[in-house]
Undergrad: 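Here it is, the structure, as structure tokens.
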Amino acid sequence: MWLETLRRRLAKPKTSVQLCLLGVSAGLIAAFLIILFRLTILFFQGLFLDNPDDFTTLPPLERVLMPIIAAFLIALFAAFTGFKHYRLGIPFVIHRIKSHYGQMPLYNTVNQFVGGALALISGFSVGREGPSVHMGATGASILADKLHLPYNAMRTLSGCGVAAGIAASFNTPLAAVIFVMEVVMREYKVHIFVPIMLAAVTGALATQFVFGNASELELITITTLSGWHYPFLVLFGIALGAVAYAFNQNLMLIIRTFKPLSMFPRLLLAGLIAGGIAYLVPQAMGSGMSAITLAVETPEDVQLLTTILIAKLLATLFAIGLGIPGGIIGPVIGLGVLMGTLMAFFAQFISPGVDIAGTYSVLGMAGLLAATLHAPLAALTTVMELTSSQEIIVPAMLVITTAYVTALQIFGNRSIFLQQLDFQGLSYQVSPATEALQKVGVMDEMDENFKLLYSDDKQQIETTLNAVDSQTPLIVYDAENGYRLAEYDLSLMSDQNIAINYISLQGISSQATLADAFEVLKDKRSGAVYIYNLLDNQQIMGIMRWDQIRHILTIRNSLL
């Protein structure tokens with residue numbers, strides 16, 4: 001009984017204690033999966049590395065062989081589980097939230113866990129946030145599915161899982177919330193915002209408990225920049241916008257070029273390329289976080305940093321472009337830090353004797369993130385959280401806006417996630433009407449005051465119609481016609497003839513939203529659907545007419 005009450009409560013598009021508690025639960029599940037994922041990587045890297053993600057101490061042959069063997073194992077595991085296409089990570093999660101209320105296939109997530117762990121253990125230039133987001137969304141959708149929650153609540157909980165995944169990966173709960181709203185959900189609604197915020201905090205606290213509160217950017221020293229730097233920062237932002245465009249274009253070029261290859265040879269080719277880069281430039285191996293340490297330790301070595309930048313750029317493009325399971329945010333952060341440190345070499349002439357390398361490295365990260373992902377606000381909050389520095393805010397805003405506008409207006413750049421979705425043919429756009437209706441469960445709006453009659457006898461139907469109130473719908477059922485709505489046809493009635501009009505009814509489950517009812521009725525622009533209990537499809541819970549949906553769209557849309 002309490003579960004039924006919970007489901008009805010969650011069908012409403014409003015913030016509730018129940019939804020907040022479920023958001024915390026989703027955050028805990030996501031954090032557990034991500035902690036397990038990170039511990040797996042640390043355990044296996046600890047078997048052959050002195051420091052996590054530092055592959056420079058390995059012999060050349062081992063550096064070459066590890067990515068090749070890992071690519072073979074990733075392909076083998078995918079083949080063993082019958083997985084033919086690597087549709088994983090943040091783009092896939094965006095598609096599932098927009099088109100399937102965040103329901104995530106379990107086999108897909110198992111491949112993400114195993115494949116992502118193998119890729120990161122072996123030094124591929126991919127980020128851990130892609131698998132983290134995928135697993136967080138899956139954990140939340142499983143929770144919603146087990147409780148048979150309405151789809152609108154499942155959609156929100158999937159966003160909670162994504163936020164917990166980002167927060168657990170980078171220890172940035174506020175940036176995680178903004179990222180979900182700006183990139184994944186692509187909307188700002190209070191009743192969605194609050195549980196997602198709680199989930200992000202939960203994910204961050206849980207991972208802090210296991211891994212501590214340390215951040216890679218804590219190594220970077222932030223120095224206040226004088227106003228003389230601002231014109232140079234504008235040029236820096238323009239350069240970052242151009243690089244972001246080139247990065248996205250080349251990544252999509254690689255994806256399109258190697259599309260004809262099946263997954264097995266594609267992944268092996270990725271392993272061979274990664275092995276070759278690892279042999280020549282071992283500092284380019286691993287997620288982008290390892291590049292931060294290098295930039296901090298050798299900010300004056302322009303030749304080394306340029307070599308690492310080029311090698312890491314190629315390693316990232318071919319790893320992600322050829323289908324290695326992993327995230328793109330981590331490598332983009334590393335590339336941005338390297339670019340910023342190199343730009344500081346030229347900017348030092350503006351402020352001689354002042355150490356500005358750390359400040360510029362953070363600004364490079366922020367600008368490249370904003371322009372590549374089309375997430376300027378998430379990039380800004382990431383910088384603020386990771387540096388805990390007020391001095392960085394104004395320069396970061398200048399670089400982020402310049403980079404974003406340059407990439408968008410001058411080059412026509414689009415979010416790399418949306419470009420990947422377009423290429424894969426995965427939907428992520430829904431009409432404003434559908435998006436509004438997805439937020440409300442049918443249980444919140446259905447008409448429960450109806451009469452059900454199991455008979456096709458016209459006389460009995462007529463008697464029942466006379467007995468019930470004119471506002472009470474009569475649903476009749478017979479084996480031949482199924483469920484139908486019976487009502488008087490006033491246009492054909494006369495003193496001698498009583499005409500009954502029948503409207504066929506299609507059923508939708510109690511988990512459905514108004515968008516599902518709208519999809520059934522939109523072509524006819526009339527009629528109704530009946531809502532049956534998900535756990536017992538013989539139990540009809542209510543009825544939803546087209547007129548009700550139209551009223552919600554035209555009169556109450558602002559409430560949604």
Side-chain angles (χ1 to χ4, degrees), residues 1-33 93 96-97 100-104 135-168 173 176-177 180-181 184-185 187-206 435-448 508-517 531-536 539 541-542 544 552 556 559-560:
M1 181 60 70
W2 69 271
L3 264 178
E4 185 65 26
T5 304
L6 173 67
R7 293 172 190 133
R8 287 177 177 268
R9 171 71 255 186
L10 296 179
K12 301 177 182 294
K14 296 180 180 178
T15 305
S16 64
V17 174
Q18 296 92 329
L19 186 59
C20 290
L21 291 175
L22 285 167
V24 171
S25 302
L28 285 173
I29 295 171
F32 171 78
L33 293 172
V93 172
R96 298 299 297 189
I97 286 179
H100 301 277
Y101 299 107
Q103 289 178 299
M104 301 290 291
M135 290 183 288
T138 301
S141 71
I142 289 175
L143 172 66
D145 194 52
K146 293 297 181 185
L147 295 176
H148 304 295
L149 300 182
Y151 288 141
N152 62 307
M154 179 183 288
R155 181 176 179 268
T156 302
L157 290 181
S158 294
C160 291
V162 173
I166 293 287
V177 175
V180 170
M181 296 296 181
V184 180
M185 309 292 282
E187 62 175 327
Y188 292 86
K189 295 292 181 181
V190 174
H191 73 278
I192 298 174
F193 187 89
V194 174
I196 286 177
M197 185 164 54
L198 288 172
V201 171
T202 303
L205 290 176
E435 191 165 32
L437 294 173
Q438 281 181 343
K439 300 181 181 68
V440 188
V442 289
M443 285 194 294
D444 184 44
E445 295 289 342
M446 65 185 180
D447 183 1
E448 298 180 72
I508 57 175
S509 82
S510 55
Q511 273 189 300
T513 67
L514 295 185
D516 300 306
I531 293 90
Y532 61 85
N533 192 319
L534 176 71
L535 304 178
D536 180 10
Q539 180 190 351
M541 302 176 65
M544 174 70 61
I552 292 169
R556 295 173 44 202
L559 299 178
L560 305 182

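The analysis underlying the following values was restricted to heavy atoms, covering all of them including side chains, and did not include hydrogens, waters or symmetry mates.
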Undergrad: Shortest non-hydrogen contact from G102 to S141?
TA: O-CB, 3.2 Å
Undergrad: Do K439 side-chain atoms and E435 backbone N/O form a donor-acceptor pair below 3.5 Å?
TA: yes
Undergrad: Does the side chain of L22 come within less than 4.5 Å of L10's, by heavy atoms?
TA: yes
Undergrad: What heavy-atom pair brings A206 and A31 nearest, and what distance separates the two atoms?
TA: CB-CB, 3.5 Å
Undergrad: What residues, two or more places apart in sequence or in another chain, satisfy side chain to side chain donor-acceptor pair (under 3.5 Å) together with R96?
TA: none
Undergrad: With a 4.5 Å cut-off on side-chain heavy atoms, are C20 and V194 touching?
TA: yes
Undergrad: Report the C-alpha distance between L149 and L6 in whole Å, list the side-chain angles of each, state the deciding distance to 0.1 Å, and finish with yes or no for side chain to side chain contact (heavy atoms under 4.5 Å, CB included).
TA: CA-CA 8 Å; L149 300 182; L6 173 67; 4.1 Å; yes
Undergrad: Looking only at non-hydrogen atoms, find the nearest pair between G159 and I196 and report the distance.
TA: C-CG1, 3.9 Å
Undergrad: Indicate yes or no: at least one non-hydrogen side-chain atom of V24 is less than 4.5 angstrom from one of V201.
TA: no
Undergrad: Minimum heavy-atom separation for M541 and M443, please, with both atom names.
TA: CE-SD, 3.9 Å
Undergrad: For I166 and V180, run side chain to side chain contact (heavy atoms under 4.5 Å, CB included): C-alpha distance rounded to whole Å, both residues' side-chain angles, the deciding distance at 0.1 Å, then the answer.
TA: CA-CA 9 Å; I166 293 287; V180 170; 5.6 Å; no
Undergrad: Taking side chain to side chain contact (heavy atoms under 4.5 Å, CB included) as the test, write out the residues that go with Y151, two or more places apart.
TA: Y101, Q103, M154, Q511, T513, D516
Undergrad: Quick check: closest heavy atoms across G27 and T202, and the distance to 0.1 Å?
TA: C-CG2, 3.9 Å
Undergrad: Within the side chain of R7, is there an N or O that forms a donor-acceptor pair under 3.5 Å with the backbone of L147?
TA: yes
Undergrad: Return the minimal non-hydrogen interatomic distance between V442 and S509, and the atom names on each side.
TA: CG2-O, 3.8 Å
Undergrad: With sequence neighbours excluded, tell me which residues meet salt bridge (charged side-chain N to carboxylate O under 4.0 Å, His left out) with R9.
TA: none
Undergrad: Tell me, do R155 and I192 make a side-chain contact under 4.5 Å, heavy atoms counted?
TA: yes
Undergrad: Measuring only between side-chain heavy atoms, which start at C-beta, is Q438 closer than 4.5 Å to N152?
TA: no
